[in-house]
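What follows is a set of notes on a single structure, which appears directly below.
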Amino acid sequence: MLKLPVYLDYNATTPCDPRVLEVMIPYFTAHFGNAASRQHSFGWSAEEAVDVAREQVAALIKADKTEIIFTSGATESVNLAIKGVFETYGSKGNHIITTETEHKAVLDTCKHLEKQGAAVTYLPVNADGLVDLQTLEAAITEKTILIAVMYANNETGVINPIREIGAIAKKQDVIFMTDATQAVGKIPVDVQQDNIDLLALSAHKLYGPKGVGALYVRRKQPRVKLTAQLDGGGHERGMRSGTLNVPGIVGLGKACELSGAEMAEESNRVSALRDKLEKALLALEETHTNGSITHRLPHVCNISFKYADANGLMMGFNRRIAVSSGSACTSASPEPSYVLKAMGLSDDLAHSSLRFAVGRFTTEEEIDYTIRVVTETVHTLRELSSLNS
Ligand SMILES: *Cc1c(COP(=O)(O)O)cnc(C)c1O
C-alpha cells in the first residue's frame with residue numbers, strides 16, 4: 001500500500017538515512033565525549049570519530065581533511081565564507097560578484113554586507129537559469145575580492161558552469177566560493193579540478209541530520225584566510241568556535257560516504273523516476289520545464305502549468321503529494337519565485353510552477369500515483385477557470 005502523502009520535496013530536506021542514524025546513536029550515549037577534551041579517552045574517541053568524518057566529507061569533494069570546517073549547516077557556512085572573506089580581504093577591495101538566483105543565505109548575507117560598505121554585483125541569468133561566463137568575467141574589477149556562484153539551484157536543479165567559473169576566478173586572482181548544498185552527494189564535485197576556494201554543504205540535503213554542515217576552505221594555491229564569525233575556544237583552526245556536534249558530524253561523514261559510494265547507481269535510479277514523471281506532466285497541454293534540461297541535477301524538475309495556479313494545484317492535491325512552489329523558505333509569502341522571475345518568467349507563470357524533487361526513497365508506485373493526481377488536478381483546475389472566464 002502506498003503511504004500518503006508522497007514526499008517529492010527532497011530539495012527542501014531529505015530524511016536521515018537509517019544507516020546514518022545508526023552510526024550516530026552511540027555518540028549521544030556511550031561516546032558522549034567532547035572532541036576538544038585532550039586529557040582522556042572520552043575526548044579521544046570523540047576526536048577520532050570527528051577525524052573519520054572529516055576524511056569522509058573531504059573525500060566526497062576531493063579536498064584534504066584539513067580543509068574541512070564543521071558548522072551548523074549551509075547557512076552558517078555561507079555566512080562564514082562571505083563575511084569572513086569580506087573582513088579579511090577588505091584592504092584589497094570591497095567588490096563581491098554573485099547571482100540573482102542564489103539561495104537567501106547568500107543573497108541576504110550580501111545585502112547585510114552592502115550596509116557595511118560592500119559593493120555587490122548580482123549577475124542576471126539566462127532563460128535556462130544559468131550564469132553567462134562573459135558577463136561574469138566583464139563584471140570583475142581590481143576591487144573584486146569574491147565570486148559567489150551556486151553550484152546547482154535549489155528550485156530548478158540547474159547546474160552552473162562551475163569549472164569554467166573557477167578557471168576565470170583563478171586567472172583573475174579572485175576567491176571563488178560556491179554554495180554546493182544541492183550538488184554535493186548528487187553529482188561528482190571536485191574542488192581541485194574546479195578551482196573552488198570555498199564550498200558550502202549541508203548534511204540534511206544528502207540524507208544526513210539537520211543542523212550540521214561544513215565549509216571547505218582551500219589551504220594551498222591559494223591559502224584562503226577567513227575572519228571567524230564566532231569567537232570562543234578556537235575550534236576548527238580558529239575559524240569556528242564552539243563544541244563540536246559530534247553525533248551530527250559523524251552522521252554527515254557517513255552520509256557523505258554513502259552518497260559517494262552509491263552516487264552512480266542512485267543517480268540512474270532517480271533520474272529514471274524524474275524523467276518518467278516529467279514526461280507524463282509535459283504530455284499535458286501548456287506545460288513546460290523551467291531551466292536547462294541538459295545542465296541539471298538528476299532528480300529535480302520544475303514545471304509550469306499554464307492557467308493552473310500553484311496554490312490551487314496544491315489544494316487540489318489535498319495533502320496527497322508534498323511538493324513545493326517557490327523555495328521552501330519563502331513559500332509562505334505570496335511573492336512569485338525570484339528564481340523563476342530572474343529567468344524571465346511572467347508573474348502568472350511563476351505562480352503556476354511546482355518543483356518536484358525525487359530521492360533515495362521514492363518508488364515507482366509513488367511516481368505513478370503522483371502522475372495520476374497531478375493530471376487530474378490540472379484538468380479540474382483548468383475546467384474551473386475556463387468556466388469562470
Ligand atoms: C538548503 C539550502 C541552504 C541552507 O542550508 P541549511 O543547512 O538548511 O542552512 C543553502 N543553500 C542552498 C542552495 C540550499 O538548498
Side-chain angles (χ1 to χ4, degrees), residues 7-16 20 57 60-61 68-83 98-112 122 125 129-131 148-160 162 165 177-187 189 196 198-216 229-230 240 242 245 248-249 251-253 255-256 259 291 295-302 323-332 337-340 342-343 355-359:
Y7 188 74
L8 293 178
D9 205 10
Y10 278 85
N11 279 18
T13 193
T14 58
C16 199
V20 168
V57 175
L60 185 59
I61 59 171
I68 303 299
I69 304 294
F70 289 116
T71 66
S72 64
T75 300
E76 189 194 334
S77 297
V78 162
N79 271 263
L80 171 56
I82 300 178
K83 291 175 183 171
T98 186
T99 80
E100 288 178 353
T101 55
E102 296 295 307
H103 189 273
K104 287 287 180 189
V106 170
L107 292 177
D108 288 353
T109 301
C110 288
K111 288 213 188 86
H112 174 90
Y122 299 90
V125 294
L130 300 171
V131 167
V149 176
M150 72 198 318
Y151 209 118
N153 186 270
N154 43 302
E155 287 189 40
T156 58
V158 301
I159 302 167
N160 272 310
I162 292 300
I165 296 170
M177 196 249 353
T178 186
D179 174 359
T181 311
Q182 294 289 350
V184 170
K186 315 291 165 59
I187 55 172
V189 169
I196 294 165
L198 295 159
L199 177 148
L201 63 91
S202 181
H204 77 96
K205 301 285 175 83
L206 66 148
Y207 308 95
K210 289 166 186 60
V212 60
L215 179 66
Y216 158 78
Q229 301 299 307
L230 286 179
R240 203 279 189 178
N245 170 5
I249 289 167
L252 169 59
C256 286
S259 317
H295 299 89
R296 185 169 59 159
L297 295 172
H299 65 286
V300 197
C301 60
N302 187 305
V323 291
S324 154
S325 64
S327 60
C329 318
T330 52
S331 51
S337 150
Y338 64 88
V339 171
L340 299 180
M343 292 160 59
R355 173 185 71 189
F356 299 85
V358 309

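One-based numbering, in listed order, for ligands and for the atoms of each. Source: prediction; values computed, not measured.
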For a quick test of reading the model, state the closest non-hydrogen atom pair linking [X] to [Y] and the distance between them.
{"X": "Ala105", "Y": "Val78", "answer": "O-CG1, 3.6 Å"}
{"X": "Glu102", "Y": "Thr98", "answer": "CG-OG1, 3.1 Å"}
{"X": "Tyr151", "Y": "Ile196", "answer": "CE1-CD1, 4.2 Å"}

Are any of the side-chain heavy atoms of [X] and [Y] separated by less than 4.5 Å?
{"X": "Met177", "Y": "Ser77", "result": "no"}
{"X": "Thr71", "Y": "Asn79", "result": "no"}
{"X": "Asn302", "Y": "Val339", "result": "no"}

- Enumerate the protein residues lying less than 4.0 Å from ligand 1, judged by heavy-atom distances, in chain and residue-number order.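 Only Gly73, Ala74, Thr75, His103, Met150, Asn154, Asp179, Thr181, Gln182, Ser202, His204, Lys205 have heavy atoms that fall under 4.0 Å of ligand 1, ordered by chain and number.
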